[in-house]
Enquirer: 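Take a look at this one; I'll ask things after.
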Amino acid sequence: MKGKAFTLAAVALLAVGCSSGGGGDWTGSVSDSAGVTMVSNPAEGTWGTGEGWFLEEELKIGSIEGDPEYQFGQVGDIAIDSKGFLYVMDVQAQNLKVYDTEGNYVETIGQRGGGPGEFTGAFFLLMGPGDTLLVPDMNNRRVNIFPPDRTDYSSFPLSLEGGVPAVWASTPSGVMAYQQRPLDLPNLPRQDSSDAVLVITADGTITDTLKRFPTGETVSFSQGFPDYTIFSTEGAWALTEDGKLLFGLNNDYRIEVYANGELERVITQQFEPELVGQGTKDAISGWFRRQIEQAGAAVPPGLAEQIIDALDFGEYIPAFSSVIGGSDGTIWVQHIQSVTELSEEELESFDVLQDLGAPEWDVFDAEGRYLGVVTMPDRFAPRLFRGDHIYGVWRDELDVQYVLRLKIVQAT
């Protein structure tokens with residue numbers, strides 16, 4: 001199913017959004033610190049007016065009605081095999097739909113259940129060596145393994161003794177890793193105080209620890225229900241296409257690049273911390289209150305106010321929301337959405353748990369030099385880069401979800 005390209009007006013707006021307002025030669029600095037390259041960036045990028053990159057919609061998969069093979073309840077992760085086929089996890093349906101390079105439906109893998117090859121708690125997808133597909137399933141406590149021809153099935157146990165596997169990632173070369181978070185459950189104290197990014201093989205063997213970092217406090221549990229601390233300091237990480245680790249704590253604009261477990265480069269950007277204002281707190285608290293009201297009888301009397309009263313905020317707006325590795329070694333860092341700048345209509349469709357990351361992304365080249373800003377579509381969440389394409393999930397005004405393939409185009 002081919003999607004329509006953005007209109008010329010939209011493309012023009014995106015092209016304007018790609019410029020950081022700077023232009024010309026890069027004015028940052030590079031130094032060496034005990035063998036680590038330190039790259040310090042100015043506030044202005046090298047892209048000038050009319051330069052930079054914009055995005056064109058190349059492919060849209062999804063439908064609000066009609067053929068169920070093109071409908072999604074809630075899109076989780078996306079994977080791509082060596083042929084360019086797309087694998088889309090539907091978290092609501094707990095099945096995996098496969099599409100060819102043109103977006104045509106090919107097959108469905110798995111279904112809801114606890115039997116062989118079935119899922120009940122799947123979200124992430126890993127494309128391992130030789131197009132071996134791995135599907136972690138938290139509820140069934142296993143990682144499902146589907147060989148390249150998808151005709152057979154096996155699995156390995158998913159142990160929670162060391163912590164909860166929170167985020168999974170893989171590279172085109174088959175490197176696979178996940179973030180292990182210490183258990184944080186009611187009446188069960190944590191066994192550790194730090195998260196770890198662990199490398200695994202296709203049979204579940206842990207072969208390396210890429211990074212340890214402090215466990216965030218965005219969501220914790222007390223007295224049986226979740227406590228939220230919005231804008232808590234959290235670690236953000238990603239694997240690049242060539243298997244390097246990108247890492248940063250979002251309380252400072254500092255991105256670390258690791259190769260083979262060794263820190264090789266630190267990229268910093270000018271950043272002025274901004275206090276979390278009352279307007280921001282009110283807007284986010286209002287969103288939580290609306291969600292509780294919409295849940296109705298599902299929330300016991302009195303619990304709603306407990307949840308709202310337990311809602312807390314960090315002191316400062318984070319420096320960034322997330323990081324992802326792009327093509328040719330580029331590094332993409334997502335801005336934080338300013339909720340006070342949203343209109344009443346935009347706030348109605350705003351989702352705190354999905355939309356705190358802004359459409360604007362800072363782009364750095366492979367050396368860590370700041371190029372400028374690329375603006376992605378509103379309500380779009382990128383899942384992975386392949387070459388000059390970005391694959392991700394877009395939600396329309398009715399919250400219907402679609403898979404998009406966007407092409408990165410250099411302005412001329």
Enquirer: Sort and list the pairs that fulfil salt bridge (charged side-chain N to carboxylate O under 4.0 Å, His left out) and have at least one residue in residues 319-344, not counting sequence neighbours.
Expert: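 Listed by first then second residue: nothing to list.
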Enquirer: Give a yes or no answer on whether the side chain of Gln94 reaches the backbone of Ala122 with a donor-acceptor pair at less than 3.5 Å.
Expert: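 Confirmed, Gln94 side chain pairs with Ala122 backbone.
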Enquirer: Do Val88 and Val75 have side chains that get closer than 4.5 Å, going by heavy atoms?
Expert: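 Val88 vs Val75: side chains touch.
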Enquirer: Could you verify whether a donor N or O on one side chain and an acceptor N or O on the other, from Asp362 and Tyr253, lie under 3.5 Å apart?
Expert: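 Yes.
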Enquirer: Given 3.5 Å as the limit, does a donor-acceptor pair link the side chain of Ser170 with the main chain of Met176, or not?
Expert: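 No, Ser170 side chain to Met176 backbone: no donor-acceptor pair under 3.5 Å.
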Enquirer: Apply salt bridge (Lys or Arg N to Asp or Glu O under 4.0 Å) to Arg142 and list each qualifying residue two or more places apart in sequence or on a separate chain.
Expert: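 Arg142 satisfies salt bridge (Lys or Arg N to Asp or Glu O under 4.0 Å) with no residue once adjacent residues are dropped.
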Enquirer: Mind checking ring-ring contact (aromatic ring centres under 6.0 Å, His included) for Tyr258 and listing every partner two or more places apart, or none if nothing turns up?
Expert: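 Here no residue qualifies.
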Enquirer: By side-chain hydrogen bond (donor to acceptor under 3.5 Å, both in side chains), which residues pair with Arg254, not counting sequence neighbours?
Expert: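 Expected list: Glu256.
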Enquirer: Among side-chain atoms of Gln401 and Trp394, is any donor-acceptor pair under 3.5 angstrom?
Expert: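 Note: Gln401 and Trp394 side chains miss the donor-acceptor criterion.
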Enquirer: For Thr215 and Asp195, does a side-chain donor sit closer than 3.5 Å to a side-chain acceptor?
Expert: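 Note: Thr215 and Asp195 side chains meet the donor-acceptor criterion.
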Enquirer: Can you check whether Met138 reaches Pro165 side chain to side chain, under 4.5 Å on heavy atoms?
Expert: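 Yes - at least one pair of side-chain heavy atoms lies under 4.5 Å apart.
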Enquirer: Please say whether more than 12 non-hydrogen atoms of neighbouring residues, nucleotides or ligands are located less than 6.0 Å from CG in Asn260.
Expert: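 Atom CG in Asn260 is not packed in, count stays at 12 or less.
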Enquirer: Can Arg395 and Asp355 be said to form a side chain to side chain contact (heavy atoms under 4.5 Å, CB included), step by step?
Expert: CA-CA 11 Å; Arg395 299 164 17 242; Asp355 298 330; 2.9 Å; yes
Enquirer: Crowded around Arg290 CZ? As in, over 12 foreign heavy atoms under 6.0 Å?
Expert: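 For Arg290, atom CZ is crowded (more than 12 foreign heavy atoms under 6.0 Å).
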Enquirer: I'd like to check Glu118 versus Tyr153 (side-chain heavy atoms, cut-off strictly below 4.5 Å). Are they in contact?
Expert: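 SC-SC contact between Glu118 and Tyr153 ruled out.
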Enquirer: Does Val400 form a side chain to side chain contact (heavy atoms under 4.5 Å, CB included) with Phe72? I'd like the steps, not just the answer.
Expert: CA-CA 8 Å; Val400 177; Phe72 304 111; over 6 Å; no
Enquirer: Could you check whether the rings of Phe119 and Phe146 sit parallel, tilted or perpendicular, using 30° and 60° as the cut-offs?
Expert: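 Because their plane-to-plane angle is over 60°, the rings of Phe119 and Phe146 count as perpendicular.
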Enquirer: If you look at every heavy atom in Gly174 and Pro129, which pair is closest and at what distance?
Expert: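 Looks like O-CD, 3.7 Å.
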Enquirer: Any side-chain heavy-atom pair from Leu311 and Ile230 closer than 4.5 angstrom?
Expert: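 The answer is yes; the side chains approach within 4.5 Å.
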Enquirer: In this structure, which one of Ile255, Val333, Asp252, Asn41 forms a side chain to side chain contact (heavy atoms under 4.5 Å, CB included) with Gln269?
Expert: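 With Gln269 as partner, Ile255, Val333, Asp252, Asn41 yield a single side chain to side chain contact (heavy atoms under 4.5 Å, CB included), made by Asn41.
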Enquirer: What heavy-atom pair brings Pro42 and Trp26 nearest, and what distance separates the two atoms?
Expert: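 Nearest pair, atom of Pro42 first, then Trp26: CD-NE1, 3.9 Å.
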Enquirer: Between Tyr228 and Phe288, does a ring-ring contact (aromatic ring centres under 6.0 Å, His included) hold up when you go through it step by step?
Expert: CA-CA 10 Å; Tyr228 293 93; Phe288 273 91; 5.0 Å; yes
Enquirer: With distance as the sole test, does Arg141 use its side chain to make a donor-acceptor pair with the main-chain N or O of Ser159 at under 3.5 Å?
Expert: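 Checked: no pair found.
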Enquirer: At what distance, to the nearest 0.5 angstrom, does CZ of Arg379 lie from CD of Glu397?
Expert: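 One finds 8.0 Å between CZ of Arg379 and CD of Glu397.
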Enquirer: Are Lys244 and Glu264 ion-paired here, with the side-chain N under 4.0 Å from a carboxylate O?
Expert: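 A salt bridge is present here (some side-chain N lies under 4.0 Å from a carboxylate O).
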Enquirer: Can you confirm whether Phe124 sits close enough to Val143 that some side-chain heavy atom of one is under 4.5 Å from a side-chain heavy atom of the other?
Expert: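 The answer is no; the side chains never approach within 4.5 Å.
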Enquirer: Let me know which of Thr37, Ile267, Leu245 forms a side chain to side chain contact (heavy atoms under 4.5 Å, CB included) with Val257.
Expert: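 Output: one option passes, namely Ile267.
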Enquirer: Hydrogens and angles aside, do Ser322 and Gln334 bring a side-chain donor and acceptor to less than 3.5 Å of each other?
Expert: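 Present: a donor and an acceptor within the cut-off.
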Enquirer: Any side-chain heavy-atom pair from Leu133 and Met127 closer than 4.5 angstrom?
Expert: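 In short, these two side chains touch, coming nearer than 4.5 Å.
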Enquirer: Pairing donors with acceptors under 3.5 angstrom, does anything connect the side chains of Glu234 and Thr218?
Expert: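 Yes, a side-chain donor-acceptor pair sits under 3.5 Å.
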Enquirer: Are any side-chain N or O atoms of Ser155 and backbone N or O atoms of Asn144, one a donor and one an acceptor, separated by less than 3.5 Å?
Expert: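 Not at all, since once roles are kept as given, no pair shorter than 3.5 Å links the two residues.
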Enquirer: If you round to the nearest 0.5 Å, how far is CG of Leu210 from CG of Leu198?
Expert: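 CG of Leu210 is found 8.0 Å from CG of Leu198.
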Enquirer: Can you find a heavy atom in the side chain of Val403 that is under 4.5 Å from one in the side chain of Lys60?
Expert: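 Side-chain contact under 4.5 Å: no.
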Enquirer: For residues 272-284, which side-chain N or O atoms pair as donor and acceptor with protein atoms under 3.5 Å away, sequence neighbours left out?
Expert:
from: Gln278; atom 1: NE2; to: Asp282; atom 2: OD1; distance (Å): 2.9

Enquirer: What is the distance from atom CG of Asn104 to atom CZ of Phe85, rounded to the nearest 0.5 Å?
Expert: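 One gets 9.0 Å once the value is rounded to the nearest 0.5 Å.
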Enquirer: Enter the distance from Leu249:CG to Asn251:CG here, rounded to the nearest 0.5 Å.
Expert: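 Here the rounded value is 5.5 Å.
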Enquirer: Any idea which heavy atoms bring Ser33 and Met38 closest together, and the distance?
Expert: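 Closest approach of Ser33 to Met38, heavy atoms only: CB-CG, 3.8 Å.
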Enquirer: Before you tell me yes or no, could you show the steps for Leu384 and Ile80 under side chain to side chain contact (heavy atoms under 4.5 Å, CB included), namely the whole-Å CA-CA distance, both residues' side-chain angles and the distance that decides it to 0.1 Å?
Expert: CA-CA 9 Å; Leu384 75 164; Ile80 301 176; 4.1 Å; yes
Enquirer: List the steps and the verdict of salt bridge (charged side-chain N to carboxylate O under 4.0 Å, His left out) for Lys407 and Glu57.
Expert: CA-CA 6 Å; Lys407 185 176 182 179; Glu57 182 184 310; over 6 Å; no
Enquirer: If you measure only the distance, is there a donor-acceptor pair under 3.5 Å linking the side chains of Trp332 and Thr330?
Expert: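 Checked: Trp332/Thr330 side chains pair up, N/O donor to acceptor below 3.5 Å.
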Enquirer: Quick one: pull up CZ in Arg405 and CD in Glu58 and give me the separation to the nearest 0.5 Å.
Expert: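 It comes to 5.0 Å.
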Enquirer: Over 60° means perpendicular and under 30° means parallel, so tell me whether Tyr105 and Tyr99 are parallel, tilted or perpendicular.
Expert: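 If you compare the ring of Tyr105 with that of Tyr99, the planes turn out perpendicular.
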Enquirer: Pair Ile331, Val363 - check side chain to side chain contact (heavy atoms under 4.5 Å, CB included), show working.
Expert: CA-CA 6 Å; Ile331 298 170; Val363 182; over 6 Å; no
Enquirer: Which heavy-atom pair separates Pro359 from Gln337 by the least distance, and what is that distance?
Expert: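 Residues Pro359 and Gln337, closest heavy atoms: CD-OE1, 3.5 Å.
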Enquirer: Can you see which heavy atom on Arg383 is nearest to which on Ile78, and at what distance?
Expert: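 It is CG-CD1, 3.9 Å.
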Enquirer: Sequence neighbours left out, what pairs pass salt bridge (charged side-chain N to carboxylate O under 4.0 Å, His left out) with at least one residue falling in residues 70-93?
Expert: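 Non-adjacent pairs meeting salt bridge (charged side-chain N to carboxylate O under 4.0 Å, His left out): Asp90-Lys97.
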Enquirer: Is there side-chain contact between Val374 and Phe54, with at least one heavy-atom pair below 4.5 Å?
Expert: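 The answer is no; the side chains never approach within 4.5 Å.
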Enquirer: Checking ring-ring contact (aromatic ring centres under 6.0 Å, His included) against Tyr178, which of Phe123, Trp168, Trp237 comes through?
Expert: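 Checked Phe123, Trp168, Trp237 against Tyr178; only one passes ring-ring contact (aromatic ring centres under 6.0 Å, His included): Trp168.
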Enquirer: Going from CG on Asp137 to CG on Leu134, what distance comes out if it is rounded to the nearest 0.5 angstrom?
Expert: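 Atom-to-atom, Asp137:CG and Leu134:CG are 12.5 Å apart.
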Enquirer: If you compare all heavy atoms of Val106 against all heavy atoms of Asp100, which two are closest, and at what distance to 0.1 Å?
Expert: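 Shortest heavy-atom separation between Val106 and Asp100 comes out as CG2-N, 3.6 Å.
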Enquirer: Do the side-chain N and O atoms of Ser82 and Asp131 include a donor-acceptor pair separated by under 3.5 angstrom?
Expert: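 Indeed, the side chains of Ser82 and Asp131 share at least one donor-acceptor pair under 3.5 Å.
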